[in-house]
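Computation of the quantities below employed the complete heavy-atom set of this structure, encompassing side-chain atoms and omitting hydrogens, waters and symmetry-equivalent molecules.
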Amino acid sequence: MQNTHLVILAGGVGSRLWPLSNNEHPKQFLDVLGCGKTLIQLTFERFKGIVLPENVWVATSQEYRDKVHEQLPEVPEANIIVEPCRRNTAPCICYVSWKIKKRNPRANVVVAPSDHIIVDVKAFKEAIKDCLEFAAETDAIVTLGIKPTHPETGYGYIKADLSFSSSRKRNIFRVDAFREKPNMETALEYVKQNNFLWNSGIFIWSVSTIVNAFRVYHPEISRTFEDIFSYYDDPEEQAMINERFPLCESISVDYAIMEKAEEIFVYPANFGWSDLGSWDSLRKHSNPDKYGNVAIGNDVNFYETHNTIVHTSMLNKVVVQGLDGYIVVEKDGNLLICKLSEEERIRLFH
């Protein structure tokens, strides 16, 4: 456990769950589930027993730094990585990897988004532990692949070779290819083939493996952070990062490393996962009642209503009648009522 580190990616912005979330209040810092804890707090908590608080790192922007410290007081302030600008995930992961390497060259690392939900936390922990053991014993990069429950066009996919498992772990398999978000026809085909998994964006590797991967597959980014190795944990570190970070190419770790590296493996998982990219995804993962309805708020009453999500935590009483397949959300005086099927189009109007 001493050698295990967690990197939480918490710099994302956007309003995919508007009006609950927006650029000023992104979803990772909100109590989206109505459980009294924000998504980033839930992310931190599900790693308890696996990672010590002093080994948790959070990558975010200056704008959200105080929110991270307020919501995760157990994380040392020195472990809150401030990105001076947005450059996607590869530069950020490379930077924090070099920092971890300086503190512990034998570290094993989990990288996880801050705004996803996991339903079966016990199964999730078992998967993470297996992947950490595998990464520690090999030079492999491991990712968690989610077994699809339906054809989904909003996720990237991983094509796995399920014919032979790893000799070290029977539930870890080699990755054949990564696939971009498909259209519906392709997504249907992926689900039929049974060896395509949703790309969760959760990665596990040893720090030496990922640092070497950057050296080989994206040396420009690697040199940016390797050259200032001596400044890490120094008062001048942030100034150096502010100068060099913006020079990096804006590229995801998927493009920079995962699609190029040879020793890539996947753990097919089924623990109830969602990146909460839509209100419908939240509805599906929030234990709908027998009519498909989800209520997050005070005294929500459904009548003759089906497949509808209501999120009205600031209101005293809500009555909904006669809806089928709708979103009803109120936040800070803003009200959204729209069809679930029209959610993507409605985002363009605000």
Side-chain angles (χ1 to χ4, degrees), residues 9 11-34 38-39 86 88-89 113-117 146 148-157 179-191 196 198-201 250 252 254 272-289 291-297 300 302-315 318-350:
L9 304 178
V13 299
S15 56
R16 295 186 69 83
L17 295 183
W18 186 87
L20 188 66
S21 67
N22 52 50
N23 289 352
E24 189 175 340
H25 302 288
K27 61 180 176 176
Q28 63 265 32
F29 301 114
L30 300 175
D31 179 11
V32 173
L33 301 178
T38 66
L39 292 177
R86 295 184 177 91
N88 216 313
T89 55
S114 59
D115 56 358
H116 293 183
I117 62 169
I146 310 301
T149 57
H150 59 277
E152 174 61 59
T153 60
Y155 300 149
Y157 284 72
R179 294 284 187 259
E180 294 301 305
K181 297 176 182 178
N183 57 30
M184 181 53 70
E185 182 181 358
T186 304
L188 284 165
E189 189 60 33
Y190 286 169
V191 172
F196 281 85
W198 291 334
N199 187 349
S200 71
S250 181
S252 70
D254 299 76
W273 168 90
S274 173
D275 71 349
L276 290 185
S278 67
W279 283 109
D280 196 32
S281 64
L282 177 58
R283 184 187 67 84
K284 290 174 180 175
H285 286 84
S286 298
N287 296 318
D289 65 19
Y291 301 108
N293 299 318
V294 167
I296 301 174
V300 178
F302 292 111
Y303 298 96
E304 300 170 351
T305 294
H306 303 81
N307 307 310
T308 292
I309 180 167
V310 173
H311 198 300
T312 53
S313 57
M314 304 301 291
L315 302 181
V318 177
V319 178
V320 177
Q321 186 270 338
L323 296 184
D324 191 348
Y326 269 77
I327 306 164
V328 180
V329 185
E330 189 277 339
K331 176 70 173 178
D332 296 333
N334 296 309
L335 176 64
L336 169 67
I337 302 175
C338 78
K339 294 180 180 178
L340 284 166
S341 60
E342 296 292 317
E343 178 179 1
E344 190 70 34
R345 190 163 66 92
I346 290 297
R347 288 197 190 107
L348 301 175
F349 298 153
H350 59 80

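- Among residues two or more places apart in sequence or in another chain, the salt bridge (charged side-chain N to carboxylate O under 4.0 Å, His left out) test is passed with Asp254 by none.
- With sequence neighbours left out, the side-chain contact (heavy atoms from CB on, under 4.5 Å) criterion links Arg16 to Glu344, Arg347.
- Glu342 pairs by the salt bridge (charged side-chain N to carboxylate O under 4.0 Å, His left out) definition with Arg345, not counting sequence neighbours.
- Residues Asp115 and Leu276 fail the side-chain proximity criterion, which asks for heavy atoms closer than 4.5 Å.
- For the pair Ser21 and Pro26, the minimum side-chain heavy-atom distance is 4.5 Å or more.
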Throw together a table of side-chain donor-acceptor distances under 3.5 angstrom for residues 327-335, partners on residues two or more places apart or in other chains.
residue	atom	partner	partner atom	Å
Glu330	OE2	Gly333	N	3.2

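- Looking at residues two or more places apart in sequence or on another chain, you find a ring-ring contact (aromatic ring centres under 6.0 Å, His included) between Phe29 and Tyr64.
- Pairs of residues two or more places apart, or lying in two chains, that qualify as salt bridge (Lys or Arg N to Asp or Glu O under 4.0 Å) and include a residue from residues 272-285 are Asp280-Arg283, Asp280-Lys284.
- Using a 4.5 Å heavy-atom threshold, the side chains of Val191 and Phe196 count as separate.
- Between Val32 and Leu17 there is a side-chain heavy-atom pair separated by less than 4.5 Å.
- Residues satisfying the side-chain hydrogen bond (donor to acceptor under 3.5 Å, both in side chains) criterion with Thr38, sequence neighbours excluded, are Gln41, Gln71.
- Taking the side-chain contact (heavy atoms from CB on, under 4.5 Å) definition, one finds that Ser250 meets it with Arg87, Asn88, sequence neighbours left out.
- Contacts of Glu304 classified as side-chain contact (heavy atoms from CB on, under 4.5 Å), with partners at least two apart in sequence or in another chain: Gln321.
- Contacts of Thr305 classified as side-chain contact (heavy atoms from CB on, under 4.5 Å), with partners at least two apart in sequence or in another chain: Asn293, Phe302, Thr308, Val320, Leu323.
- Residues forming a ring-ring contact (aromatic ring centres under 6.0 Å, His included) with Tyr155 (at least two apart in sequence, or on another chain): Trp198, Trp273.
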Donor-acceptor pairs under 3.5 Å, side chain of residues 179-189 to any protein atom, not counting sequence neighbours: which ones?
residue	atom	partner	partner atom	Å
Glu180	OE1	Tyr255	OH	3.0
Glu180	OE2	Tyr255	OH	3.1
Asn183	OD1	Glu185	N	3.3
Asn183	OD1	Thr186	N	2.8
Asn183	OD1	Thr186	OG1	2.8

